Amino acid sequence: MFEAILQELESDDEGLWCDQLCIDQLDQAEKKSIIGAMDIIYKSARAVIVALDDIEFDEHDTAALREYADFVTKEVPDGTLPFRHNPSYMKTRPHLQSCLKKIIYSEYFERAWCGHELAIGKEHVFLARFHDDGIDVSNKIVRFTGEVLCTLLELSLFVELSPDEANERKVLLATLFMRLYQDYKPAELTDDTLRTQIQHNFMIMMTVIFPMKAGGDPLLPYELRAYDGNNDKVSIVLNGSESGLMLNRTMHTPDKLLGATRSVCLQRLMLVALAEGNPLVLCTTGAPLQLTLNTYSWLNEFQTSDGNVNEGWSPLPPNWNCHVDPSHLSRYIELDLLIPHIDSIHTASRVSIDIATKFLSECKDHSISSRSLFESLTATEQEYWLARVTFATRLLACYLDLGHAWFECFPRPTGIAQGFLQDPRILSNAIVQLFGEYEDRPREKWWGKSKRHKAAKVLYRAIWSAIERSCPNATLEGFRDWEPGWFEAVDGGRTICFVPNDRKEYTLAIPDVLRNESYERLARGWILEKQSSDSGGCERGETWVLRGKSRIFGTSNFEDTGTFTQNTRWKRVWERRFE
């Protein structure tokens with residue numbers, strides 16, 4: 001393997017960098033200082049050579065991989081891939097599928113520092129062993145490039161993988177996506193578009209790096225290594241984000257390491273992003289960050305569905321009004337919040353729920369839904385799927401309560417509608433095709449004509465696309481504990497939001513800094529409950545506890561200050577506590 005690596009050198013003047021050999025692993029000062037320069041080292045390299053020494057291909061795998069690599073480099077120079085083959089290109093090549101499955105399970109792709117190398121390197125060359133005719137020959141090496149791996153992952157989107165395999169593929173795709181960093185230079189950061197891209201990638205990097213493995217300093221006591229590994233992940237995110245920051249060395253001392261839990265480290269990174277003006281920090285909908293045994297942060301984990309870089313949002317203005325608790329746990333935030341004039345948030349009617357239930361059941365019977373996939377799931381996965389189905393049923397029921405004309409009121413694709421439709425009238429027409437002009441009178445035969453069958457596909461895909469991007473904390477707990485609802489604002493506009501289903505009284509608020517329409521596709525609706533008076537308050541305004549964040553989409557105009565109640569500005573929002 002080492003001989004194969006040396007053969008990648010293009011001249012005698014070209015050097016070879018290997019972390020394990022080029023850094024004195026016993027010199028802690030050297031290790032910590034080099035960490036701050038890892039981005040320079042790997043970005044400056046002509047190529048990153050990756051030895052996948054824990055996998056091995058057989059002769060059929062090797063032949064399939066070499067054939068595909070030749071196909072990518074020679075037959076499709078314009079980058080056009082056979083995505084639309086029927087049956088799919090990869091499905092007809094089982095040995096190519098076998099190659100990909102072995103690659104994605106390599107331990108290399110589980111390591112956080114390796115993910116960093118993958119994200120920032122200019123080019124990548126992967127090397128793996130193969131054997132021929134059952135005889136192990138150690139010097140037989142197959143070589144393929146990062147371009148080949150990337151296109152393999154894209155083609156695999158058109159074949160069915162197990163949940164574990166699909167998750168590994170998702171992490172790899174996200175890591176490869178982060179390579180966009182290499183195109184940005186510090187001098188260009190004044191451009192809002194580039195700042196938006198980098199801010200988005202900062203959040204993506206947290207999502208990708210923290211599930212990976214980082215063992216920490218092996219010289220530390222065993223109980224401290226996981227905490228040191230978390231600090232390493234913080235260093236990776238800071239290093240790869242071009243923030244110009246690095247973790248203070250004192251954070252690696254034993255007395256500081258005990259507080260470096262995964263949630264605390266994520267919160268620290270998100271506060272760095274907030275200070276840089278990243279609006280996604282205020283609109284995250286993942287799991288709450290657990291700071292202590294019985295407290296959860298006012299910040300949530302970032303999900304990739306929380307913000308797409310192409311959705312038009314921009315960095316927060318530099319002079320916006322905000323104050324964060326300066327203690328090490330940052331237990332609250334103070335900011336200007338606006339509360340809309342609404343009487344109540346309505347949940348779906350019983351009649352519409354019955355219609356929506358029948359429709360989704362018919363979709364399953366007519367093979368519009370993924371019935372075969374559902375039947376292959378484990379008991380836990382089926383519980384998650386059923387919770388999603390219930391959530392989708394209630395969302396469709398809210399659509400029916402609002403009526404098909406509601407979609408036609410959109411002045412342009414907006415909110416979640418942008419995620420699945422270029423023109424909301426398409427969805428309006430689909431509802432009319434399926435349910436008639438009056439949604440409380442469902443047609444008996446939905447599937448009698450091809451137009452209705454196509455309309456069912458439009459509506460079904462719209463629903464599933466919407467819930468992928470709308471449910472706060474899109475886990476089993478999120479789908480089980482939250483539900484869609486709708487309200488009517490004083491301007492007559494009707495808007496969908498998402499609230500806890502425990503029937504408590506909640507208040508919907510929007511941070512004033514996010515009122516601009518450029519943020520309408522983010523989860524800018526904060527679901528609040530009033531804080532008890534003995535929990536500490538804000539000198540300048542009211543005190544609340546954040547239950548979660550919700551996308552809000554509909555026809556209300558939230559840029560108009562008349563939509564909101566008066567004297568609802570400065571508020572303190574606390575962490576959540578559980579006794």
Side-chain angles (χ1 to χ4, degrees), residues 199 203 259 263-286 288-292 294-302 306-307 313-341 472 497 499-500 504-516 518-519 522-550 552 558-559 561 563-578:
Q199 287 181 351
M203 307 297 282
S263 289
V264 168
C265 288
L266 283 172
Q267 177 168 266
R268 288 170 179 167
L269 284 170
M270 292 177 77
L271 291 175
V272 168
L274 184 62
E276 209 275 328
N278 191 329
L280 295 178
V281 177
L282 300 176
C283 304
T284 52
T285 63
L289 297 174
Q290 186 170 1
L291 302 180
T292 66
N294 61 351
T295 61
Y296 287 85
S297 172
W298 55 272
L299 287 166
N300 293 61
E301 289 191 34
F302 175 76
D306 284 336
W313 52 269
S314 57
L316 298 174
N319 58 344
W320 77 285
N321 202 10
C322 168
H323 172 72
V324 175
D325 174 20
S327 72
H328 73 289
L329 289 180
S330 299
R331 298 173 57 204
Y332 63 79
I333 182 174
E334 294 176 347
L335 73 170
D336 286 341
L337 289 173
L338 301 176
I339 298 176
H341 276 294
C497 65
V499 294
K504 292 184 179 178
E505 287 191 14
Y506 294 104
T507 298
L508 172 69
I510 298 175
D512 186 34
V513 70
L514 300 177
R515 184 159 49 92
N516 186 279
S518 68
Y519 304 115
L522 303 181
R524 56 179 178 162
W526 287 28
I527 308 300
L528 305 172
E529 59 180 319
K530 204 69 174 288
Q531 176 68 286
S532 59
S533 58
D534 60 349
S535 300
C538 173
E539 295 180 0
R540 288 183 281 172
E542 297 171 316
T543 301
W544 304 79
V545 172
L546 182 67
R547 280 299 308 270
K549 297 158 193 160
S550 164
I552 49 176
F558 294 111
E559 284 200 272
T561 55
T563 306
F564 303 96
T565 58
Q566 300 301 312
N567 302 319
T568 58
R569 289 285 179 172
W570 192 259
K571 291 179 171 44
R572 175 177 290 183
V573 178
W574 281 86
E575 63 195 4
R576 291 178 61 194
R577 301 181 187 181
F578 297 91

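Position 1 is the first residue of the sequence; numbering continues from there. Just so it is clear, the model here is predicted, and its values are computed rather than measured.
For the 3.5 Å distance criterion, the side chains of D306 and T284 fail to qualify, holding no donor opposite an acceptor.
Smallest separation of non-hydrogen atoms from G286 and N300: O-ND2, 2.8 Å. Taking each heavy atom of L338 and P340 in turn, the nearest pair found is O-CD, 3.8 Å. M203 approaches A273 most closely through the heavy-atom pair SD-CB, 4.4 Å.
W320 places no side-chain N or O within donor-acceptor distance of the main-chain N or O of D336, the cut-off being under 3.5 Å. Looking at Y519, its side chain does come within 3.5 Å of a backbone N or O of S314 through a donor-acceptor pair.
A search for ring-ring contact (aromatic ring centres under 6.0 Å, His included) contacts involving F558 returns nothing, not counting sequence neighbours. Residues forming a side chain to side chain contact (heavy atoms under 4.5 Å, CB included) with Q267 (at least two apart in sequence, or on another chain): L271, L289, L291, S297, L299, S330.
Note that OH of Y332 and CD of E575 are 11.0 Å apart. Values are rounded to the nearest 0.5 Å. From I527, atom CD1 reaches atom NZ of K549 across 11.5 Å, with rounding to the nearest 0.5 Å. Note that CD of Q290 is 13.0 Å distant from CG of L266, once rounded to the nearest 0.5 Å. Here the NZ-CG distance, from K571 to L546, works out to 13.5 Å after rounding to the nearest 0.5 Å. Atoms CG and SG, on L514 and C283 in that order, are 4.5 Å from each other to the nearest 0.5 Å. The structure places CZ of R572 at 12.0 Å from CG of L335, a figure rounded to the nearest 0.5 Å.
Applying the salt bridge (Lys or Arg N to Asp or Glu O under 4.0 Å) rule to pairs touching residues 507-516 yields D512-R515, D512-R569, sequence neighbours excluded.
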